[in-house]
Amino acid sequence: MEKQFICIICPRSCPITVDTETMVIKGNKCMRGRQYVNSELTEPRRTLTSTIRIESEKVMLLPVKTDRPIKKEDLFAAMKKISKISVKAPIKIGEIIVSDFIEDGTNLISTKTILK
Amino acid sequence: MHKSVVIIGGGPAGLAAAIGAYESGVEANDILIIEREKELGGVLNQCVHTGFGLTYFGEELSGGEYASRFIEKIEEYAIPYVTEATVLSVSKSKVIKFVSPQLGYTKVKADAVVLAMGCRERSRGTLNIAGTRPSGIFSAGSAQRFVNIEGYLPGKRIVILGSGDIGLIMARRLTLEGAKVLRVCEMKSHVSGSARNVEQCLNDFDIPLYLNSTVTKIVGEERVTGVVVSKVDENFKPIRGTGELVRCDTLVLSIGLIPENELTTEAGIKLDKKTNGAVVDQYFQTSLSGVFACGNVLHVHDIVDYVTAESINVGKACAGYVKGLIKPNKTKIPFEISDGVKYVVPQTFNFDPKKIDIILKRFVVYFRVSRDYEKAKITITSNGEELLSVIKNNIHSSQMHSVILTKKMAQVIEKNKNAKISVTEA
Ligand code: SF4
């Protein structure tokens with residue numbers, strides 16, 4: 001069977017077709033497109049970004065992300081966990097906010113430095 | 001106050017221009033960045049999503065992470081900046097007047113100025129939608145600000161009009177935060193944002209996309225209670241009898257961006273009707289000598305990585321100007337466009353015949369096409385002589401494209417005093 005994908009790995013957004021029996025892949029301009037299609041067919045993953053509450057003089061929210069893509073089906077459960085987290089400044093960019101926060105080894109990290 | 005280089009706007013364009021100027025030899029203390037918001041970074045600060053930096057850094061960063069790479073450099077180089085500052089005017093003699101809580105009313109005389117004010121969103125007014133004026137109508141960018149900076153969800157049942165990237169990103173963001181995005185309506189027959197955003201922001205969450213359709217009426221007294229969505233014909237005229245009432249409490253508009261050029265206009269700088277930005281030469285110098293423009297104030301870019309690359313070069317050019325390497329006010333060569341080209345930047349050339357490559361070794365030409373091409377041939381000619389010819393597949397009118405002019409090509413353009421860019425079906 002032929003399946004269609006749009007590669008989301010870079011802005012070129014290559015349209016990729018794959019024959020799921022022979023695994024012949026067409027349309028990808030680079031190898032990352034092949035990896036993307038493989039993971040879409042087996043276990044689609046996405047990097048989740050959001051915000052959490054922060055006690056700070058300047059801002060209300062701290063932007064965060066998962067330090068690796070998580071399973072697509074876990075996105076909403078992860079959002080639920082994120083909504084309950086709050087931190088206090090100072091926080092550095094890249095700092096782990098909660099390690100292993102959805103019990104699959106993924107860490108939630110800060111994507112901004114808030115000094116005060 | 002006197003400064004060699006004053007940069008108006010501390011977003012991605014302004015930051016990169018400052019870095020470019022410093023790295024080309026302008027003293028940090030001779031540079032000033034004037035920023036309107038409380039912190040540097042511009043719109044990147046409210047972009048918590050990732051997708052930035054893939055082209056420029058080869059890694060995927062969030063908006064804040066991307067901005068911080070440049071802000072850290074500004075701090076490291078000790079380039080001065082003033083925040084919460086409003087620029088009142090830029091004069092022909094390059095005196096910039098601004099007010100800020102930190103410095104009060106300030107006049108600064110600059111040798112070179114970089115216009116890096118960015119763009120703003122098109123509002124409801126540009127659409128002529130009938131109906132009442134209730135609350136609950138947001139531009140995609142203000143919805144983004146509410147969610148990511150202020151911490152409010154603008155509504156629970158949402159219709160998005162327009163398929164720009166910010167609208168697509170917000171469809172996902174609002175969904176993840178618990179709102180129901182009922183549909184995204186796009187007047188055109190194709191999406192304005194990128195295909196990858198349709199995939200990861202709409203398809204991942206089963207958010208329906210309605211092409212060839214628009215909002216023709218807004219319903220509700222105090223608050224939006226619904227919108228009427230109608231099909232449109234090929235001239236974007238709503239088709240009678242196709243109206244459908246969609247119950248919702250919020251309408252988010254993602255219908256395009258316009259460069260913010262009030263200061264530019266007041267300074268008497270020539271604008272290009274097609275880009276809504278200044279007319280510039282190959283150094284991105286405007287019609288006012290020593291005033292440069294880069295980023296979304298010049299022309300709306302698809303991704304910030306291109307803004308950075310362009311603006312670093314503008315910073316370099318500023319440094320060259322300050323050192324007297326650019327000879328101002330020479331006759332300008334117009335860069336003509338053929339039918340298939342919507343616009344080109346730069347719109348003019350202003351080469352120093354003996355020192356064409358004194359500041360930049362090669363010149364990037366940015367353009368958009370007026371329709372989609374499966375296979376397009378892009379050519380640059382001068383007096384009919386073909387200087388450059390490339391074939392590109394799947395050229396879309398919603399994407400920005402670029403080609404590179406070498407020193408050799410520039411020499412021919414300078415000699416012939418003319419140049420033209422054409423796009424045809426290959
Ligand atoms: S296949 Fe490669 S070039 Fe094409 S979108 Fe994916 S990552 Fe980008």
Side-chain angles (χ1 to χ4, degrees), chain A residues 4-16 27 29-30 32-33 36-37 40 44-54 56-69 72-80 82-83 86 91-94 109-116, chain B residues 38-39 41 44-55 58-69 71-72 75 145-152 165 169 172-173 175-178 191 193-205 302-306 393-394 396 399-400:
Chain A
Q4 312 265 6
F5 293 90
I6 297 285
C7 180
I8 64 167
I9 303 302
C10 91
R12 298 177 87 153
S13 304
C14 296
I16 303 179
K29 289 206 182 77
C30 79
R32 287 185 301 169
Y36 171 73
V37 167
E40 281 301 284
R45 286 176 170 265
R46 299 287 183 266
T47 299
L48 178 63
T49 63
S50 191
T51 52
I52 58 170
R53 272 181 287 269
I54 182 167
S56 139
E57 283 171 23
K58 285 196 170 165
V59 295
M60 313 285 295
L61 299 172
L62 175 76
V64 292
K65 72 173 184 188
T66 56
D67 65 354
R68 61 175 198 189
K72 213 157 106 174
E73 68 218 39
D74 289 343
L75 287 174
F76 282 97
M79 280 301 288
K80 220 171 181 178
I82 286 173
S83 71
S86 77
I91 295 280
K92 279 246 161 87
I93 192 165
I109 63 170
S110 162
T111 55
K112 194 166 178 170
T113 297
I114 308 282
L115 292 176
K116 285 188 279 190
Chain B
K38 285 189 186 140
E39 52 181 352
L44 289 170
N45 288 322
Q46 66 181 57
C47 298
V48 304
H49 60 281
T50 53
F52 305 91
L54 285 159
T55 315
E59 51 183 312
E60 183 161 34
L61 304 170
S62 75
E65 288 174 316
Y66 188 88
S68 75
R69 299 250 166 139
I71 297 170
E72 276 164 21
E75 304 284 0
R145 200 186 159 85
F146 272 118
V147 179
N148 293 344
I149 306 272
E150 322 277 348
Y152 295 106
D165 277 317
I169 293 288
R172 173 177 67 182
R173 185 77 183 107
T175 305
L176 283 169
E177 288 292 352
V191 176
S194 72
R196 70 193 283 266
N197 281 338
V198 174
E199 195 58 29
Q200 60 183 348
C201 298
L202 302 187
N203 297 350
D204 271 6
F205 300 95
D302 297 343
I303 59 171
V304 69
D305 303 58
Y306 300 153
N393 289 332
N394 296 320
H396 235 276
Q399 292 165 335
M400 187 174 94

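Chain identifiers are assigned alphabetically (A, B, ...) following the order of the sequence lines, protein sequences preceding nucleic acid strands; residue numbering begins at 1 within each chain. Values in this document were obtained by computation on a predicted structure and should not be read as measured data.
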Pick from [options]: which one has the most heavy-atom pairs with chain B under 4.5 Å?
options	result
Pro44(A), Cys10(A), Pro63(A)	Cys10(A)
Val64(A), Ile9(A), Thr51(A)	Thr51(A)
Pro15(A), Cys7(A), Ser50(A)	Ser50(A)

Between chain A and each of [options], count heavy-atom pairs under 4.5 Å; write down the option with the most.
options	result
Ser62(B), Ala67(B), Gly51(B)	Ser62(B)
Asn197(B), Leu61(B), Thr175(B), Val48(B)	Val48(B)
Ser68(B), Ala195(B), Gly178(B)	Ala195(B)

Please determine whether a side-chain nitrogen of the Lys or Arg among [X] and [Y] lies less than 4.0 Å from a carboxylate oxygen of the Asp or Glu.
X	Y	result
Lys58(A)	Glu39(B)	no
Arg172(B)	Asp204(B)	no
Arg196(B)	Glu60(B)	yes

Verdict with reasoning, Lys65(A) to Ile109(A), per side chain to side chain contact (heavy atoms under 4.5 Å, CB included): CA-CA 6 Å; Lys65(A) 72 173 184 188; Ile109(A) 63 170; 3.9 Å; yes
Let me know if [X] has heavy atoms under 4.5 Å from chain A in its side chain, its backbone, both or neither.
X	answer
Val198(B)	neither
Glu177(B)	both
Arg173(B)	side chain
Thr50(B)	both
Thr55(B)	side chain
Asn394(B)	neither
Ile303(B)	side chain

Per-residue contact mode, [X] against chain B (heavy atom under 4.5 angstrom):
X	value
Ser83(A)	neither
Cys14(A)	neither
Ile93(A)	side chain

Over 12 non-hydrogen atoms of neighbours within 6.0 angstrom of OH in Tyr152(B):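 For Tyr152(B), atom OH is not crowded (no more than 12 foreign heavy atoms under 6.0 Å).
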So, Asp302(B) side chain and Met400(B) main chain: donor-acceptor pair closer than 3.5 Å or not?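 A pair under 3.5 Å: yes.
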Hey, is the main chain of Ser86(A) close enough, under 3.5 Å, to the side chain of Arg53(A) for a donor-acceptor pair?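 Side chain of Arg53(A) to backbone of Ser86(A): no pair is present.
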What class does the angle between the rings of Phe52(B) and Tyr66(B) fall in, given that below 30° is parallel, 30 to 60° is tilted and above 60° is perpendicular?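 Tilted, since the angle between the ring planes falls between 30° and 60°.
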Please lay out, stage by stage, how Thr111(A) and Thr49(A) fare under the test side chain to side chain contact (heavy atoms under 4.5 Å, CB included). CA-CA 9 Å; Thr111(A) 55; Thr49(A) 63; over 6 Å; no
Any idea which heavy atoms bring Phe205(B) and Leu75(A) closest together, and the distance? CZ-CD1, 4.0 Å
